[in-house]
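Only this structure's heavy atoms are used, side chains among them; waters, hydrogens and symmetry mates stay out. When a ligand or atom number is given, it counts from 1 through the structure's own listing order. Since this is a predicted model, take the numbers as computed values, not measurements.
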Amino acid sequence: MKVLAVLYNGFKAAKQEPRLLGTVENKLGLSEWLSSQGHEFIVTSDKEGPNSDFQKHIKDAEILVTTPFHPGYLTRELISQAKNLKLCVTAGVGSDHIDLDAAVERNIQVLEVTGSNVTSVAEHAVMAILSLVRNYIPAHEMIERGDWQVADIARGAFDLEGKVVGSIGAGRIGSRILQRLVPFDCKELLYYDYAAMPAAVQASVNARRVKDIKDFVSQCDVVTVNAPLHQGTKGLINDELISHFKPGSWIVNTARGAIADREAIARALKSGKIAGYAGDVWDVQPAPKEHPWRTMKNTLGGGNGMTPHYSGTTLDAQARYAAGTRNIIENYFTGKPQNPADVIVGLGKYETKAYGQR
Ligand code: NAD
């Protein structure tokens, strides 16, 4: 059987650090195991265009392994060419790079290693919130430049204490972010989600649910985005919604870049409507050199906390999603039932409500 994996290149780093499992070089640690069972295992980072390894090998692969960090975009068109494809495994969390509706129609199962990196992302989001609110990145850059102008930094620096922080999407990651913010004594923690938080989680955060999104954003000093990308969230943070944000608020999006409108965010930062935007996810990955989010700035010349997509690919997370990927493939080979929480698309139907209300 042919197993195809699209991973990012680790180059020298992957040779020096074998725990970089999610790289082309280290192959999620699956190589020996798959070849010992007689399977063909193709691993590549070459994913764009009809002549790419991804688009050539998808035609006869039975299992596709991808990651959200260097997504192999499995479009409807590619699915129609993938005659043998039966199982897509996302090594990580977030399968929006796969046309899930087309997978449903073709009886292709889509599974994620649910929960594998949710703490990794929650920690990153808390760091990004603090970096923006406290104006940390421009302060550090000033020091590297050899300057020392305390007032230039302090004019854009605040305490998180006493602020209102809200999460769009309060599932595994959103609720973990809110839990981690409890000791900061925020004025209030809010969430907007079409599902209510489970009672035990709610008890640990004491967050208030706001059911109207405009009302929600108008109350938040910080909005953190933690919903999957699907038809109901694509372009959600656009000019219209931003007009309801509090002036000078901050946005942290570690969910998916395309949930926010690229140009609307850059405009809002430039105009001062928002004071900062941070995250690690982009509407196309790798982000093109000219992507405005690389260099956009607020009115004080700061407010940009963008990084490459790495919050969910810490070495700790890689160990978990590599093990989880093997487990899913092993279940598939042996016919054992999958962990229901991992199943996004089962045979011919969605098995989760997280990718939109149906
Ligand atoms: P989850 O399924 O536990 O939670 C998602 C929550 O979003 C659910 O409660 C769902 O009801 C809610 N939701 C869905 N659509 C919504 C909408 N339109 N409005 C409001 N709420 C909505 O998922 P999770 O594990 O918390 O992960 C969330 C997302 O974070 C993933 O889908 C992925 O895109 C992203 N993620 C990013 C990284 C990273 O490295 N940056 C890593 C893991 C996950």
task: Using the ring of Trp33 (Phe, Tyr or Trp, six-membered ring only), decide whether Arg326 places NZ or CZ under 6.0 Å from its centre and within 45 degrees of its axis.
output: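 Cation-pi check for Arg326 and Trp33: passes.
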- prompt: Hey, is Asn117 touching ligand 1 through its side chain, its backbone, both or neither, going by heavy atoms under 4.0 Å?
  reply: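 For Asn117, only side-chain atoms sit under 4.0 Å from ligand 1.
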Within reach of ligand 1, part of Arg256 (heavy-atom separation under 4.0 Å):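 Contact part for Arg256 vs ligand 1: side chain (C-beta onward).
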Can you report which non-hydrogen protein atom sits closest to [atom], along with the distance?
{"atom": "atom 37 (C) of ligand 1", "result": "Thr254 O, 3.1 Å"}
{"atom": "atom 13 (N) of ligand 1", "result": "Ala227 CB, 3.9 Å"}
{"atom": "atom 8 (C) of ligand 1", "result": "Asp193 OD2, 3.5 Å"}
{"atom": "atom 19 (N) of ligand 1", "result": "Tyr192 CE2, 3.5 Å"}
{"atom": "atom 27 (O) of ligand 1", "result": "Ile173 CD1, 3.5 Å"}
{"atom": "atom 35 (C) of ligand 1", "result": "Ala255 O, 3.6 Å"}
{"atom": "atom 4 (O) of ligand 1", "result": "Gly171 CA, 3.3 Å"}
{"atom": "atom 31 (C) of ligand 1", "result": "Val93 CG1, 4.0 Å"}

Which of the atoms of ligand 1 are close to [X], meaning less than 4.0 Å from one of its heavy atoms?
{"X": "Ala354", "result": "2 (O), 14 (C), 15 (N)"}
{"X": "Pro228", "result": "5 (C), 7 (O), 14 (C), 32 (O)"}
{"X": "Val281", "result": "41 (N)"}
{"X": "Thr233", "result": "17 (C), 18 (N)"}
{"X": "Asn226", "result": "5 (C), 7 (O), 28 (C)"}
{"X": "Val118", "result": "25 (O)"}
{"X": "His309", "result": "39 (C), 40 (O), 41 (N)"}
{"X": "Val121", "result": "38 (C), 39 (C), 40 (O), 42 (C), 43 (C)"}

Answer yes or no for [X]: is there a heavy-atom contact with ligand 1 below 4.0 Å?
{"X": "His230", "result": "yes"}
{"X": "Gly92", "result": "no"}
{"X": "Phe69", "result": "yes"}

If you measure only the distance, is there a donor-acceptor pair under 3.5 Å linking the side chains of [X] and [Y]?
{"X": "Gln338", "Y": "Asn331", "result": "yes"}
{"X": "Asp212", "Y": "Tyr192", "result": "no"}
{"X": "His39", "Y": "Lys2", "result": "no"}
{"X": "Asp215", "Y": "Gln219", "result": "yes"}

field: Approximate separation, where rounding is to 0.5 Å, of Leu64 CG and Ile98 CD1
entry: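 Reported to 0.5 Å precision, the distance equals 6.0 Å.
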- request: Kindly state whether the ring of Phe158 and the ring of Trp250 have centres lying under 6.0 angstrom apart.
  value: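 Ring-ring flag for Phe158/Trp250: true, centres closer than 6.0 Å.
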- request: Determine whether the aromatic ring centres of Tyr310 and His124 lie less than 6.0 Å apart.
  value: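 Tyr310 vs His124: aromatic centres under 6.0 Å.
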message: Please verify the inter-ring angle class for Tyr194 with His230; under 30° counts as parallel, over 60° as perpendicular, anything in between as tilted.
response: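 It falls in the tilted class, 30° to 60°.
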- request: Identify, with sequence neighbours excluded, every residue that meets side-chain hydrogen bond (donor to acceptor under 3.5 Å, both in side chains) alongside Tyr321.
  value: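 Only Thr313 meet the side-chain hydrogen bond (donor to acceptor under 3.5 Å, both in side chains) criterion with Tyr321.
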field: Cationic N near anionic O, under 4.0 Å, Asp53 to Lys47
entry: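 Salt bridge: no.
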Asp221 bridged to Lys246 by N-O distance under 4.0 Å: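 Between Lys246 and Asp221 there is a salt bridge, with a charged N closer than 4.0 Å to a carboxylate O.
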task: Using the side chain to side chain donor-acceptor pair (under 3.5 Å) rule, collect all pairs that involve residues 263-280, keeping only residues at least two apart or in two chains.
output: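 Non-adjacent pairs meeting side chain to side chain donor-acceptor pair (under 3.5 Å): Asp239-Arg267, Asn253-Tyr277, Asp280-Ser311.
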